[in-house]
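Below is one structure; the comments refer to it alone.
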Protein chains: 2
Amino acid sequence: MHGDLPGSPTTWQAIRDVMMRRIRTRAYTPGSLIPNEAELAAEFGCARATVNRALQDLAASGFLDRRRKAGTRVMEAPRRKATLDIPLIRNEVEARGQDYEYRPLLREIAPPPGPVAARLHLSGGETMLHVQSLHLADGAPHMFEDRWIVVDTVPAITGADLTRLSPNEWLVRESPYTHGTMEFQAVAAGAAAGPLACAPTAPVLSILRITWMHEAAITHVQEYFTPAFRLGLEL
Amino acid sequence: MHGDLPGSPTTWQAIRDVMMRRIRTRAYTPGSLIPNEAELAAEFGCARATVNRALQDLAASGFLDRRRKAGTRVMEAPRRKATLDIPLIRNEVEARGQDYEYRPLLREIAPPPGPVAARLHLSGGETMLHVQSLHLADGAPHMFEDRWIVVDTVPAITGADLTRLSPNEWLVRESPYTHGTMEFQAVAAGAAAGPLACAPTAPVLSILRITWMHEAAITHVQEYFTPAFRLGLEL
DNA sequence: GAAAATAATATGTCTGCACATAATATTCCT
DNA sequence: AGGAATATTATGTGCAGACATATTATTTTC
């Protein structure tokens, strides 16, 4: 069982990688107990704290399940988590080497429509900033966004210049959020067909995103991507 | 600047949470340097290693940028990464309190079509297992999957009983993967319309997933969800 | 004045030790 | 036998000290 570390430096990352390999290759099978920290420390020739750091990392990534006294076991269904970073549209477009352009289409103060108010836990009488805008890549429509912002939560938004900076970029910079939700679905382009220059029946990927500052809703955005768009991510 | 910890226990998580709050509330502004580890250790009245553990966690989460000698600064655009766990369809359905059912539709040995071969870096002459199946929730169609499996990479699959266990569940149990990719897009139901019992023009969410064992492709799956489906996740 | 050598600094990490905490195993008592 | 008290065990976390490493700042050299 020895021979995995050829006398190499015993950093906690190195130990994590060896353990990861053992999990992947099923040297440790799903559901089984792995040796305890003291034994592993002896095997790797390092301090127990170093093993502990490595195993904590794997547990945080969902590959191990650790419980005091019960020991450490390999997770049955290694809940593969895809980490999908949510880049600013600008960065996403520019990362592909394309030119980014932002075009504001509408800006008004209005009360929220029923579904928006409901999702944000509002009564419906609040003052909200309603913004529609189009994001372009190399001059072609890329994404149309329909956004509602709760003015009470982010008062400074009313004074923001949203002609050059997109509301999302402004919010990211000026208004941190504590949590939020996202929903992906496929819809017919419908009202977004005009700005996206596609057929109203064309299937488009739509993302609904809602963010919160503690119990106060910040914003509600529905994004409609151009029909050809594919959202890719690594596992 | 003191008074954040009322003499409470100084665990690294507590320190992380205090620092997180300072970032969120802009006590530390984006782009700015925060005090170094020694200073923070003095402030919190703990060892430097404890502060280090806390800051490493925040850096791993993307809130801080740390560099030797340069110090630690708050990330300009806290790249929020949504972690989307990829549950087995069975678990996803059952988590909603619905009955899960799996129905195999097709099973054949065939060479891969061009696009599949290209994405898996195959020549096109390989033996592959082609499987189509339908996943149902409470008796209604939920997802249709069209899967190609590289027999050379997973020889045992040819002997697997896929009439009761879905190929995905079999693969998760028997064949670990090293990495993979996912792509989301909106498409017209098309050929999936039959199994999903919807119009061929209905917009459906489609996920393309490819997994690898080192350089060898394992499987290529195209999943088509029922039109009403929304994929939700937390930020 | 430009390039090279040197110093200073902040983070990265390991070690050995101590004690805390949670969960299980064992013993003891009635 | 049943239940409560106690011991045992594996992980969780803290501490102080030491050295490694990357990067920037400073000084020296030609």
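Order of the sequence lines fixes the chain letters, A, B, ..., with proteins taken first and strands second; residue numbering starts at 1 for each chain.
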Open item on the list: Between the base of dG12(C) and the side chain of R48(B), is there a donor and acceptor pair under 3.5 angstrom?
Closed with: yes
Open item on the list: Just the rounded figure in Å: distance from C1' of dT13(C) to CG of L55(B).
Closed with: 15 Å
Open item on the list: Under 4.0 Å, counting only non-hydrogen atoms across every strand here, what does E39(B) touch: a base, just sugar-phosphate, or nothing?
Closed with: nothing
Open item on the list: Applying salt bridge (charged side-chain N to carboxylate O under 4.0 Å, His left out), can you list everything that pairs with R103(A), at least two apart in sequence or on another chain?
Closed with: E101(A)
Task: Contacts of F225(B) that satisfy ring-ring contact (aromatic ring centres under 6.0 Å, His included) - sequence neighbours left out - done: H142(B), F229(B)
Task: Over 12 foreign heavy atoms within 6.0 Å of CZ, R96(B) - done: yes
Open item on the list: I need the CH2-P distance between W12(A) and dG16(C), as an integer number of Å.
Closed with: 20 Å
Open item on the list: Give me each pair satisfying salt bridge (charged side-chain N to carboxylate O under 4.0 Å, His left out) with a member in residues 61-73 of chain A, each pair once, sequence neighbours excluded.
Closed with: E37(A)-R66(A)
Task: Between C1' of dG16(C) and CZ of F44(A), the distance in whole Å - done: 19 Å
- [ ] Shoot me the first and last contacting nucleotide of DNA chain D against chain A, ordered 5' to 3', at under 4.0 angstrom to non-hydrogen atoms.
- [x] dT8(D) to dT13(D)
TODO: Step by step, work out the side-chain contact (heavy atoms from CB on, under 4.5 Å) result for L208(A) and V221(A).
DONE: CA-CA 6 Å; L208(A) 169 64; V221(A) 211; over 6 Å; no
Open item on the list: How many whole angstroms separate atom CZ of R53(A) from atom C1' of dT13(C)?
Closed with: 10 Å
TODO: Return each pair, listed once, that meets ring pair (Phe, Tyr, Trp, His ring centres under 6.0 Å) where at least one residue sits in residues 147-173 of chain A; pairs must be two or more places apart or across chains.
DONE: H130(A)-W148(A)
Open item on the list: Closest approach to the side chain of A49(A), judged atom by atom: which nucleotide of dT15(C), dT13(C), dT11(C) is it?
Closed with: dT15(C)
TODO: Any salt bridge (charged side-chain N to carboxylate O under 4.0 Å, His left out) involving residues 212-221 of chain A? Give me the pairs, sequence neighbours left out, ordered by first then second residue.
DONE: none
Sequence neighbours left out, cut at 3.5 Å: what donor-acceptor pairs do the side chains of residues 133-141 of chain B make with other protein atoms?
| from | atom 1 | to | atom 2 | distance (Å) |
| --- | --- | --- | --- | --- |
| H135(B) | ND1 | Y100(B) | OH | 2.7 |
| H135(B) | NE2 | E145(B) | OE1 | 2.8 |
| D138(B) | OD1 | D99(B) | N | 2.8 |

Task: I15(A) CD1 - dT13(C) P separation (whole Å) - done: 12 Å
TODO: Take the protein atom CG of D57(A) and the nucleotide atom P of dC14(C), then report the distance between them rounded to whole Å.
DONE: 12 Å
Open item on the list: With the threshold set at under 4.0 Å for non-hydrogen atoms, list the residues of residues 64-73 of chain B touching DNA chain C in residue-number order.
Closed with: R66(B), R67(B), R68(B), K69(B), G71(B), T72(B)
- [ ] Go through F44(B) and M19(B) one step at a time and tell me if the side-chain contact (heavy atoms from CB on, under 4.5 Å) criterion holds.
- [x] CA-CA 11 Å; F44(B) 291 119; M19(B) 298 301 286; 4.0 Å; yes
- [ ] Kindly say whether N36(A) contributes a backbone atom to a donor-acceptor pair with the side chain of E39(A) at under 3.5 angstrom?
- [x] yes
Task: Polar side-chain atom of T153(A) near backbone of A217(A) as donor-acceptor pair, under 3.5 Å - done: yes
Task: Estimated bend of the helix from dG1(C)-dC30(D) to dT30(C)-dA1(D) (axis per five terminal pairs, rounded to 10 degrees) - done: 10°
Open item on the list: Between S32(A) and Y28(A) (side chain of the first, backbone of the second, donor and acceptor by atom type, cut-off under 3.5 Å), is there such a pair?
Closed with: no
Using atom names, set out every protein N or O paired with an N or O of nucleotides 3-5 of chain C below 3.5 Å, distance rounded to 0.1 Å.
none

Task: With H121(B) via ring-ring contact (aromatic ring centres under 6.0 Å, His included) - residues at least two apart - done: W212(B)
Open item on the list: Rounded to whole Å, please give me the gap between CG in N52(B) and P in dC14(C).
Closed with: 11 Å
Task: Contacts of F144(A) that satisfy ring-ring contact (aromatic ring centres under 6.0 Å, His included) - sequence neighbours left out - done: none
